[in-house]
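To find a chain, count down the sequence lines: A is the first, B the second, and so on, and within it residues start at 1.
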Amino acid sequence: MPTQYTPADVEGRLYERWTSAGLFAADPARDPDAPAYTIVIPPPNVTGSLHMGHALDHSIQDTLVRRRRMQGYEALWLPGMDHAGIATQNVVERELKKDGLTRHDLGREAFQEQVWKWKAESGGRILGQMKRLGDSVDWSRERFTMDEGLSRAVLTIFKRLYDDGLIYRAERIINWCPRCLTALSDIEVEHADREGELVSIRYGSGDDTLVVATTRAETMLGDTAVAVHPEDERYKHLVGTEIELPLTGRTIPVVADEHVDPEFGTGAVKVTPAHDPNDFEIGQRHGLPSLVVLDEHAKVCAPGDFHGLDRYEARAAVVEALRAQGRIVKEVRPYEHSVGHCQRCQTVVEPRVSLQWFVKVAPLAKAAGDAVRDGRVQIQPPELSARYFAWVDNMHDWCISRQLWWGHRIPVWYGPEGEERCFGPDEEIPEGWTQDGDVLDTWFSSALWPFSTLGWPDDTPDLRRFYPTSVLVTGYDILFFWVARMMMFGLYAMDGVEPFKVIALHGMVRDQHGKKMSKSFGNVVDPLDWIDRYGADATRFTLLRGANPGGDVPVAEEWAQGSRNFVTKLWNATRFALMNGAHATGPLPEELSTTDAWILSRLQTVVTDVDRYIEGFDFAKACEAVYHFAWDEVCDWYLELSKVPLAEGGAAAEGTRRVLGEVFDRLLRLLHPIAPFVTEELWTALTGGETVVRAPWPVADPALADPAAEGVVASLQRLVTEVRRFRSDQGLKSGQRVSAALELDGSPLAAYEEQIRSLLRLTVPEGAFTATASLPVEGVVVKLDTVGAIDVAAERARLTKDLAAARKEVAQTSGKLANADFVAKAPEAVINKNRARLEAATADITRLEAQLAALPNG
RNA sequence: GGGGCUGUGGCGCAGUUGGUAGCGCGGCGAGCUUACACCUCGUAGGUCGUCGGUUCGAGUCCGGCCAGCCCCACCA
């Protein structure tokens, strides 16, 4: 075995072996007694490629699934992709544009074919990248939201919602993207503050004028009223009258509406029902007409001088024209306000009245909220529940129609007599009926993901065995987009059965300064680059190690190197064990040495801790626990201590070989869900087993807990550390052997004289000491021949400092114990702890004084 | 405008029901000791944003303030 582990040499080979052996395939009929464990992957966009966010998300899911699989669950991790309506259509349209074509040149059917062709050729790159990460998904169950089966699910639930009156078509004001030329739901709009200009305009003529303010002057062309507060004395006389609307030759009514804030601006508001959500509501309340003055490209479509101008050109032109008429009052002033942008292309969204399809969310959202409220679905970490409730309890109706060609077409047809009818997937469409041209929001089909992927609406064995799913793992950023909607549709479609038991939310991957990764900052890290250079295991470990519950995950090159080093360390440690004949077969030795008993005892604790941490979604702690056990305890102490019995041979060596094998067998299994590749490579080498993928998950054996052995080794560690410190302070070469006498009589450490000499590079004295340093530690005395004269002054200074600290400790602790209030009110455990502290400090004083006294005069 | 979060050694983070602070990286010093220099050994750095309160005792509970971040939102 080489001294360094080269991930690239093994990862591909192992993944291939796992999949061809079908190790990740779930089988609903395999063992009816085994509990099921299901995770459906948050389907990445078919246009997407693996980024750090996926890598984190998948590392978590893989860890959960691999552990359950080892525990004997029938574990299914179902992979798939989302058709990503707008995103994918944009990609393909861009391709067409290179040939000077638009989708309209092709027509709907040909365009769709083009998208499928694109998908076959260059979509789904991410699936191959998931293999690099080691994702143990069941590839035989891969799904796509546009699959035939999933499409049937979409049509089925649409019809059910339609028939239940939960889907309706209406003329409403919606968010319109003038570039994508489609409606958007509220959450597909991102708000950002933008510098704009607030223009104050005088409406009316003669004595009957008032001033309104707007940041979108061009919308005045579509004004159909001015609104004032009913109690506003300034305008009371105008309410109910008509007022002149400049530039248009129209007059509009002045209406009184509670919504107007008399304190803000002039207290008078222009009302454009067709292009502003507020104004739309005012319009509804007062029966005002909606006058659409901007077309789907956001160009002025109202007749007149401005016709055909883009909204921004029109804005300037309108202001200019008003200025010419002396209508602009005050100065036009800069004004920062929040502007909505299309999530997909960042174009400024234009609110527009149009005929769209909506889901009536109130009853669905209520059920989705209740499922969490009454504990049927648990949100992890629980603190994030508040955000969830805030959302589901205040949800507006969901605009689900998109004016796109890529997606599930709305299954509603219009008849010759103008009637409207929804047809289910298996119904025959009568002659002469035409289908609605819109498609559904991508999130509509993703909302069905937990059950549509399992065969719903059919009653399949998969659906029965694997629904509801066990846990949904995703970033908190997608709680509203996806999770809340899965809850709504899952509960609705599955008659109240929740789509998952636990929603485990993780944070966002960030750079080492906590900054969001983005191309513009230039701080994006490509997980595949890390996998190439450090390996999948190190990449996963880095992410999981930073994954504190609910927190964002900062990553940096150095962290990845540290993880890579850990993997190498594990590699070399196991290599050491193998070179020394470690094996994991047969019973453990009857008689365990104290160090063997100690490491086995520690192992039980770590097994328990790691299991508990993963169970609680605390991956950072799970990583830390294995990391420290493997490195600080197994490598730094146990391997070193084992060298003496291994060299000794005989029964001592044989016992150690068995224990070494036991420790690495369990450690590798414990680490496998987190770092699947290196553990597979090492575990199969160590045990000769087929694969660790389906090896049993380690369970702690309480009989192996040995506090006494842990105590002895702790003493040994303190002794060794103290002597090392002395050697280091005195400038003794660490490799240099030093003659020493150990007076260990009566100490439990007596049995470890050999190991102590080995760890400290001590030899047995052959003659008289030349210069001696005496170190009383842990009740034993170590006499070192220091070869040359030791630095007495430095040692004295150090001991004096320690002595002062010990005396301070004694003073503080004894003072505390003398405090009547403390003794009366503090719990006994705390008091005992302080007594122990006092005792230890007192012993330290005795020891240090003796050491000082033993120092040669110099 | 509403809601939430964070502020602990140089950097990034842990700190369960309150009991005198831990980890990784980095720093400094020493060293190729028969697994590993992607290593080993030793070591220096915090009084926990700030003010006040509760308590025998607070990083850990309560209140004010300062600083930063995020989400939601139809104030022209």
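If you measure from atom CG of L384(A) to atom C1' of rC70(B), you get 11 Å, rounded to the nearest angstrom.
Around atom CD of E839(A), no more than 12 heavy atoms belonging to other residues, nucleotides or ligands sit under 6.0 Å away.
Salt bridge R725(A)/E722(A): present, at least one basic N to carboxylate O contact under 4.0 Å.
For W631(A), whose side chain is taken as the heavy atoms from C-beta onward, the closest listed nucleotide among rC39(B), rA35(B), rG24(B) is rC39(B). Nearest nucleotide to the K569(A) side chain, out of rA73(B), rG24(B), rC36(B): rC36(B). Checking rG42(B), rU40(B), rC72(B) against the side-chain heavy atoms of D729(A) singles out rG42(B) as nearest. Comparing rC56(B), rG15(B), rC36(B) by their closest approach to the side chain of T3(A) singles out rC36(B). When the nucleotides rG19(B), rU33(B), rA73(B) are ranked by their closest atom to the side chain of R761(A), rU33(B) comes out on top. Closest to the F480(A) side chain, of the nucleotides rG19(B), rG42(B), rC71(B), is rC71(B). Closest approach to the K643(A) side chain among rG24(B), rA35(B), rG42(B) is made by rA35(B) (side chain taken as heavy atoms from C-beta onward). Of the candidate nucleotides rC36(B), rA14(B), rU20(B), rA14(B) has the atom nearest to the side chain of N548(A). When each of rG42(B), rG12(B), rC71(B) is scored by its nearest atom to the side-chain atoms of R387(A), the top-ranked nucleotide is rC71(B). Closest to the D261(A) side chain, of the nucleotides rC75(B), rG42(B), rA73(B), is rC75(B).
Applying the 90° criterion around 0 to the glycosidic angle, rG27(B) comes out anti.
Between K808(A) and rU20(B) there is no side-chain N or O to OP1 or OP2 distance below 4.0 Å. Distances shown here put a side-chain N or O of K621(A) below 4.0 Å from the OP1 or OP2 atom of rG15(B). Taking only side-chain nitrogens and oxygens, N572(A) never comes nearer than 4.0 Å to OP1 or OP2 of rC39(B). Phosphate proximity of rA30(B) to R724(A): absent, as no side-chain N or O sits under 4.0 Å from OP1 or OP2.
A residue-by-residue look at D511(A) and F576(A) shows that D511(A) has its nearest nucleotide of RNA chain B further toward the 5' end. The nearest heavy atom of RNA chain B to T721(A) and to D618(A) marks one nucleotide each, and the one closer to the 5' end goes with D618(A).
With both pairing distances under 3.5 Å, rG26(B) is matched to nothing as a Watson-Crick or G-U wobble pair. If you check rC72(B) for Watson-Crick or wobble pairing at under 3.5 angstrom, you find it paired to rG1(B). Pair check for rA67(B) finds rU6(B); Watson-Crick or G-U wobble, both atom distances under 3.5 Å. The partner of rC61(B), taking Watson-Crick or G-U wobble pairs whose two distances both stay under 3.5 Å, is rG53(B).
A donor and an acceptor atom, one from each side chain of D257(A) and H286(A), are located under 3.5 Å apart. With hydrogens and angles left out, the side-chain atoms of Y638(A) and E633(A) include no donor and acceptor closer than 3.5 Å. Using a 3.5 Å distance cut-off with no hydrogens or angles, the side chains of K270(A) and T272(A) do pair a donor with an acceptor.
At a threshold of 4.0 angstrom between heavy atoms, the contacts of Q561(A) with the nucleic acid are absent. Residue-level contact check: D477(A) touches neither bases nor backbone, having no heavy atom under 4.0 Å from any strand. Within 4.0 Å of L639(A), counting heavy atoms only, lies at least one base atom of the nucleic acid. Nucleic acid contact class of A573(A) (heavy atoms, under 4.0 Å, all strands): base.
Between W631(A) and F566(A), the ring-plane angle classifies as parallel under the 30° and 60° cut-offs.
Evaluation of atom-type donor-acceptor distances gives no pair under 3.5 Å for the side chain of E640(A) against the base of rU33(B).
Taking atom C1' in both rC56(B) and rC39(B), one finds a spacing of 49 Å when rounded to whole Å.
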